[in-house]
Student: 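Once you've had a glance at the structure underneath, I'll fire off some questions.
We count residues from 1, following the sequence as given. Remember, it's a predicted structure, so these values are computed and weren't measured experimentally.
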Amino acid sequence: MVTGQPAQLRPERRPTAGGLPPHDVSAEQAVIAALLLDPDAYPRVLPLLRPEDFFREQHGWCYEACVALADRAEPITLPTLAHELERAGRLDTIGGEPYLAELVGRHFTAAGVEAHARIVARDALYRRLIQVAGQIAQTAYEGGPDAGRVIAAAEGLLLGIRSTEGAGDFERLRDLLDQFLEDPGEDVEGELVGEVRAGFMDFDQLTGGFKRGDLVIVAARTGVGKSALLLNFARNAAVGQNGTVAVFALEMSAEQLAMRLLSAEADVDATRLRLGMHTEVEESRIMHAIGTLGEAAIFIDDSAVLSVPEIRAKSRRLQAEHGLDLVIVDYLQLLHSATGGGSENRASELGKITRSLKEMARELEVPVVAAAQLSRAVESRTPHIPMLSDLRESGSIEQDADIVTFIYREDVYRTAEEWQDAHPDQPGGQHPSGIAQLIVAKHRNGPTGTVSVRFLDRTASFQDLILREPPPEFE
């Protein structure tokens, strides 16, 4: 390892079998140089690489420092990178500023940065495979009477490699629906200006829509409909307003979200749609819904592990390529900080996450709508109407959010018989089945209040209480 003096920049390619593990130092150098040369290189590289993917430790340190700078929204330049490495006590070890300057001098362009990043990631994968192969061989040598256990252990090691691969990327809803329709139509660019309407009349009247730069929190207990409402927001912005929407789904797959959107748009029971048990009339509605959603500029990223810097980088790239009008994050508590939290408690980490989301909303000038999980405190009192103190780690969420909206459905908590007992004076004792309340508990730039909407359990979707016209039926 170089100490104090600039390393000699020489090509170092993947060796033949029996030498060092697969690596390409030249590609690693090209990636670091590109990050210093081009501000747009970072969002293109981030989904592909992690610091531990670099064979040379000093290159991994450089990349880790670049991630830290981007997380603080600071530019990645030679002086800022050198300063960040100096703070970590690593600048002299990598060869000092002369080594960084020599990198930039040799790679005077950022062209091909994604190809170079893929080479680094691929070699890192091969190195992990070699390591796991050794572990599998050792397990097999040790053997034992239970061959099934050995095979299961080997499979677990291989699956572990999959889980360490880089984060996924966006999949367009149109592509996810291609299995139903081969010609989904032409691309539609976003045309939204000003605020983004949520798509519910009373809610939009109360809030004035989602303002660009706002952080909007939608909170509820499990199973009440957070994901469904966020998908409604995405659909209403993309289909109803020709907007471009980024959906980051940390809990469900892109295919599951696509089926939910299709079920709601076609007004076909989600279970029957999944099993292919729809009627001919419903089939016509499904084809029409696929055509409508196929035109929608909804991009879904279902990476199971994401940090806000990764979301910011991906959103910035999507904005540059297609425009961007709305970012959906489902959900807040599944995000992690860029540093993984370390020894800090979860409340402190979540505070950094919500502040970073707010900064991202302002930087990209788009509303960011994130779902949040409520604590169990709401279950222990009657009535079960949520309040701001029910937000898990509520201090940071409440402080950073511009709008906090709760979803409350009394039919989740009371059966028809319990409702009748609690309201004996109401004629018929009508149970509020399918009625949901959207409670705007915080509104930085306007009034708070409560509006009612309809929840359709069979399609897991929301709509205005005034029913829309039924979908057209085709011969």
Student: Counting only heavy atoms from other residues, nucleotides and ligands, does the tally under 6.0 Å from CZ of Arg127 exceed 12?
Tutor: yes

Student: State plainly whether the residues Asp402 and Lys358 are in salt-bridge range, i.e. N to O under 4.0 Å.
Tutor: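 A salt bridge links Asp402 with Lys358.
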
Student: Where the side chain of Thr80 meets the backbone of Pro75, is there a donor-acceptor pair that is under 3.5 Å apart?
Tutor: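 At least one qualifying donor-acceptor pair exists.
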
Student: Give a yes or no answer on whether the side chain of His83 reaches the backbone of Pro79 with a donor-acceptor pair at less than 3.5 Å.
Tutor: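 It does not hold such a pair.
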
Student: Are side-chain N/O atoms of Asp301 and Ser303 paired as donor and acceptor at under 3.5 Å?
Tutor: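 Yes - a donor-acceptor pair under 3.5 Å links their side chains.
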
Student: With side-chain contact (heavy atoms from CB on, under 4.5 Å) as the criterion, how do Phe210 and Val368 come out once you've worked through the C-alpha distance, each side chain's angles and the decisive distance to 0.1 Å?
Tutor: CA-CA 9 Å; Phe210 303 139; Val368 175; over 6 Å; no

Student: When you measure from the side chain of Asp53 to the backbone of Val120, do you find a donor-acceptor pair of N or O atoms at a distance under 3.5 Å?
Tutor: no

Student: Can you name the closest pair of heavy atoms from Val247 and Ala234 and give their distance?
Tutor: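 Nearest pair, atom of Val247 first, then Ala234: CG2-CB, 4.1 Å.
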
Student: Mind running side-chain contact (heavy atoms from CB on, under 4.5 Å) on Leu273 and Ile286 for me, showing each step along the way?
Tutor: CA-CA 9 Å; Leu273 175 65; Ile286 291 169; 3.5 Å; yes

Student: If you measure from CG on Asp40 to CG on Leu35, what distance do you get to the nearest 0.5 Å?
Tutor: 11.5 Å

Student: Which value, rounded to the nearest 0.5 Å, describes the distance between Ile328 atom CD1 and Leu231 atom CG?
Tutor: 8.0 Å

Student: Quiz question: by atom type and distance under 3.5 Å, do the side chains of Gln373 and Thr222 form a donor-acceptor pair?
Tutor: yes

Student: Between His322 and Ala320 (side chain of the first, backbone of the second, donor and acceptor by atom type, cut-off under 3.5 Å), is there such a pair?
Tutor: no

Student: Could you check if a side-chain atom of Pro47 sits within less than 4.5 angstrom of a side-chain atom of Lys314, using non-hydrogen atoms only?
Tutor: yes

Student: Heavy atoms only: give me the nearest Leu37-Pro39 pair and the separation to one decimal.
Tutor: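 Scanning both residues completely, I find the closest heavy atoms to be O-CD, 4.1 Å.
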
Student: In terms of ring plane angle, is the pair Phe462 and Phe200 parallel, tilted or perpendicular, where the classes change at 30° and 60°?
Tutor: perpendicular

Student: Write down the atom of Leu81, the atom of Cys66, and the distance for their closest heavy-atom approach.
Tutor: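 Residues Leu81 and Cys66, closest heavy atoms: CD1-SG, 4.0 Å.
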
Student: Can you tell if the side chain of Leu324 reaches within under 4.5 Å of the side chain of Ser315, non-hydrogen atoms only?
Tutor: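 Yes, close enough: below the 4.5 Å cut-off.
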
Student: Does Lys226 offer a backbone N or O that forms a donor-acceptor pair with the side chain of Tyr331 under 3.5 Å?
Tutor: no

Student: Report yes if some heavy atom in the side chain of Ile130 is under 4.5 Å from a heavy atom in the side chain of Pro22; otherwise report no.
Tutor: yes

Student: Report yes or no: does Ser263 contribute a side-chain atom to a donor-acceptor pair with the main-chain N or O of Met259 at less than 3.5 Å?
Tutor: no

Student: If I take atom CD1 from residue Ile300 and atom CD from residue Glu255, how far apart are they, to the nearest 0.5 angstrom?
Tutor: 8.5 Å

Student: Quick check: do Ile403 and Arg444 have side-chain heavy atoms less than 4.5 Å from each other?
Tutor: no

Student: Do Tyr63 and Leu46 make a side-chain contact, defined as non-hydrogen atoms from C-beta onward lying under 4.5 Å apart?
Tutor: yes

Student: Work out which heavy atom in Asp400 is nearest to a heavy atom in Leu215; give both atom names and the distance.
Tutor: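 Heavy atoms of Asp400 and Leu215 come nearest at O-CD2, 4.0 Å.
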
Student: Would you please test Arg56 and Glu28 for salt bridge (charged side-chain N to carboxylate O under 4.0 Å, His left out) and show each step?
Tutor: CA-CA 8 Å; Arg56 283 204 167 177; Glu28 294 183 7; over 6 Å; no

Student: Give the minimum heavy-atom separation between Ala33 and Leu103, together with the two atoms involved.
Tutor: CB-O, 3.7 Å

Student: Decide, yes or no, whether a salt bridge links Glu84 with Arg72 under the criterion of side-chain N to carboxylate O below 4.0 Å.
Tutor: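 Answer for the salt bridge query: yes.
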
Student: Does a side chain donor of either Glu142 or Gln138 reach within less than 3.5 Å of an acceptor in the other side chain?
Tutor: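 Yes, a side-chain donor-acceptor pair sits under 3.5 Å.
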
Student: For Ala460 and Ala228, work out which heavy atoms get closest and say how close.
Tutor: O-CB, 3.2 Å

Student: Any chance you could measure Leu293, atom CG, to Glu265, atom CD, to the nearest 0.5 Å?
Tutor: 4.5 Å

Student: Any salt bridge between Arg312 and Glu363, counting N to O under 4.0 Å?
Tutor: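 Between Glu363 and Arg312 there is a salt bridge, with a charged N closer than 4.0 Å to a carboxylate O.
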
Student: The test is side-chain contact (heavy atoms from CB on, under 4.5 Å); show your working for Gln58 and Thr93 and say whether it passes.
Tutor: CA-CA 8 Å; Gln58 59 263 46; Thr93 306; over 6 Å; no

Student: Leu335 versus Ile311: any side-chain heavy-atom pair under 4.5 Å?
Tutor: yes

Student: Testing Arg50, Arg90, Arg87 one by one against Glu64 for a salt bridge (Lys or Arg N to Asp or Glu O under 4.0 Å), which residue passes?
Tutor: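 Single salt bridge (Lys or Arg N to Asp or Glu O under 4.0 Å) partner of Glu64 among Arg50, Arg90, Arg87: Arg90.
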
Student: Is Glu195 paired with Lys211 through a side-chain N to carboxylate O contact shorter than 4.0 Å?
Tutor: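 Looking at Glu195 together with Lys211, the answer is no, because their closest N to O distance does not fall below 4.0 Å.
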
Student: Hey, what's the ring geometry for Phe54 with His59, parallel, tilted or perpendicular (30° and 60° as the breaks)?
Tutor: perpendicular

Student: Can you tell whether the side chains of Arg212 and Asp325 come within less than 4.0 Å, N to carboxylate O?
Tutor: yes

Student: Whether the side chain of Gln241 engages the backbone of Asn236 through a donor-acceptor N/O pair (distance < 3.5 Å, no angle test) should be reported.
Tutor: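 Yes; at least one donor-acceptor contact below 3.5 Å.
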
Student: Please step through side-chain contact (heavy atoms from CB on, under 4.5 Å) for the pair Gln319 and Val366, ending with a clear verdict.
Tutor: CA-CA 10 Å; Gln319 188 176 56; Val366 298; 4.1 Å; yes

Student: Does the side chain of Val245 reach to within under 4.5 Å of the side chain of Phe299, using non-hydrogen atoms?
Tutor: no

Student: How long is the span from the CG atom in Leu326 to the CD1 atom in Ile298, to the nearest 0.5 Å?
Tutor: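 Here the interatomic distance stands at 9.5 Å.
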
Student: What do you reckon, is CD of Glu52 surrounded by more than 12 foreign heavy atoms closer than 6.0 Å?
Tutor: yes

Student: Would a distance-only check, ignoring hydrogens and angles, find a side-chain to backbone donor-acceptor pair under 3.5 Å from Arg316 to Leu364?
Tutor: no

Student: Is a side-chain donor or acceptor of Glu310 paired with a backbone partner of Ser307 at a separation under 3.5 angstrom?
Tutor: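 Yes; judged by distance alone, with no hydrogens or angles, the pair exists.
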
Student: Between Asp330 and Ser227, is any side-chain donor less than 3.5 angstrom from a side-chain acceptor?
Tutor: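 Yes, because at least one side-chain N or O of Asp330 sits under 3.5 Å from a partner of the opposite role on Ser227.
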
Student: Do Cys62 and Leu100 have side-chain heavy atoms sitting under 4.5 Å apart?
Tutor: yes

Student: Hey, what do you get for CD1 (Ile407) to CG (Leu374), rounding to the nearest 0.5 Å?
Tutor: 9.0 Å

